[in-house]
A.B. asks: 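One structure, pasted below without further comment.
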Amino acid sequence: MISPIPIMAQKYMLVPLPVGLFEGYDLTTRAVIGALYDRVRLSGYNQIGDPSGAKWYDDHEQRVFCVFSHAELAQLLGVGERTVRRSLKQLNDDGLVWWRKASYKACNRYFLHESIMQALRKQ
């Protein structure tokens, strides 16, 4: 009998291959990159449809962002919040992902380095 597809693969299919920019990152960290990339792209599309054009654009960072809570990201990927935080810290330490709080109780706004955007556009 063939084993069922892991939860993470069922819910999310864009996981960058461990080559080039993504070499050396584990599966979970690459899945975090893929989830953030997908959501940033969606935010960019939504920004185009927004009459003000500013809903998903941060003037301070001068780029499109996405919004995730650690719990939401962990649930999407089928892992724990500590695992998500560990992956985000590694990506932040490498300068590929960073975030800011929009307000006190709001979820983080995540930003991706342009090198991630370019690498994943090619895939």
Side-chain angles (χ1 to χ4, degrees):
M1 178 176 166
I2 298 174
S3 63
I5 297 173
I7 293 172
M8 186 170 28
Q10 290 175 6
K11 293 185 177 187
Y12 197 76
M13 298 306 289
L14 178 64
V15 178
L17 296 173
V19 294
L21 181 64
F22 310 111
E23 191 172 346
Y25 290 115
D26 63 14
L27 177 62
T28 302
T29 302
R30 288 183 287 117
V32 166
I33 292 169
L36 292 175
Y37 172 76
D38 189 50
R39 187 72 64 95
V40 165
R41 281 187 41 219
L42 181 61
S43 295
Y45 296 144
N46 287 337
Q47 179 193 2
I48 293 168
D50 181 23
S52 69
K55 186 174 182 179
W56 301 102
Y57 185 81
D58 187 284
D59 290 327
H60 181 262
E61 297 289 339
Q62 296 187 347
R63 61 181 54 240
V64 175
F65 63 89
C66 69
V67 177
F68 261 121
S69 69
H70 289 152
E72 183 184 18
L73 193 52
Q75 182 180 12
L76 175 70
L77 300 177
V79 297
E81 287 184 50
R82 287 182 63 184
T83 303
V84 168
R85 285 194 296 271
R86 188 175 25 244
S87 292
L88 288 169
K89 182 184 180 327
Q90 182 181 9
L91 292 167
N92 183 260
D93 290 348
D94 293 344
L96 297 175
V97 175
W98 65 98
W99 54 88
R100 292 190 318 118
K101 280 273 197 198
S103 64
Y104 174 66
K105 290 190 176 185
C107 293
N108 290 330
R109 289 181 173 185
Y110 288 96
F111 303 92
L112 298 178
H113 192 275
E114 188 58 35
S115 60
I116 289 178
M117 302 299 288
Q118 289 176 357
L120 291 178
R121 270 188 218 121
K122 293 175 185 175
Q123 289 186 12

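One-based numbering along the sequence shown.
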A.B. asks: Under the salt bridge (Lys or Arg N to Asp or Glu O under 4.0 Å) rule, collect the residues that match up with R109, sequence neighbours excluded.
C.D. replies: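 Expected list: D58.
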
A.B. asks: How close do C107 and F68 get, counting heavy atoms only, and between which atoms?
C.D. replies: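 Distance-wise, the nearest heavy atoms are CB-O, 3.6 Å.
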
A.B. asks: Nearest 0.5 Å, please: how far is SG in C66 from CZ in R41?
C.D. replies: 12.5 Å

A.B. asks: Start with the C-alpha distance between R86 and Q90, add both sets of side-chain angles, then the distance that settles side-chain contact (heavy atoms from CB on, under 4.5 Å), and finish with yes or no.
C.D. replies: CA-CA 6 Å; R86 188 175 25 244; Q90 182 181 9; over 6 Å; no

A.B. asks: Hey, which of N92, L36, V32 is the one that makes side chain to side chain contact (heavy atoms under 4.5 Å, CB included) with V97?
C.D. replies: L36

A.B. asks: At what distance, to the nearest 0.5 angstrom, does CG of L88 lie from CG of L73?
C.D. replies: 6.0 Å

A.B. asks: Could you measure the distance from the CG atom of L91 to the CZ atom of F22? Nearest 0.5 Å is fine.
C.D. replies: 9.5 Å

A.B. asks: As a quick check of understanding, evaluate side-chain contact (heavy atoms from CB on, under 4.5 Å) for L120 and I33, giving each step before the final call.
C.D. replies: CA-CA 10 Å; L120 291 178; I33 292 169; 4.0 Å; yes

A.B. asks: Please report the shortest heavy-atom distance between V84 and A74, naming the atom on each side.
C.D. replies: CG2-CA, 3.6 Å

A.B. asks: Show your working on side-chain contact (heavy atoms from CB on, under 4.5 Å) between N108 and H70 and close with a plain yes or no.
C.D. replies: CA-CA 9 Å; N108 290 330; H70 289 152; 3.9 Å; yes

A.B. asks: Looking at every non-hydrogen atom in both residues, tell me the closest pair between S115 and L96 and how far apart they are.
C.D. replies: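 That closest heavy-atom pairing would be OG-CD2, 3.7 Å.
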
A.B. asks: Could you list the residues that satisfy salt bridge (Lys or Arg N to Asp or Glu O under 4.0 Å) with E23, not counting sequence neighbours?
C.D. replies: none

A.B. asks: If I take atom CG from residue L17 and atom CZ from residue R30, how far apart are they, to the nearest 0.5 angstrom?
C.D. replies: 7.0 Å

A.B. asks: Quick one: pull up CG in D94 and OH in Y25 and give me the separation to the nearest 0.5 Å.
C.D. replies: 3.5 Å

A.B. asks: Is the W99 ring parallel, tilted or perpendicular to the Y110 ring (thresholds 30°, 60°)?
C.D. replies: tilted

A.B. asks: After noting the C-alpha distance and the side-chain angles of M117 and E114, does the key distance pass the side-chain contact (heavy atoms from CB on, under 4.5 Å) rule?
C.D. replies: CA-CA 5 Å; M117 302 299 288; E114 188 58 35; 3.9 Å; yes

A.B. asks: Between CZ of F65 and CG of L112, what distance do you get to the nearest 0.5 Å?
C.D. replies: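 So the CZ of F65 and the CG of L112 are separated by 12.5 Å.
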
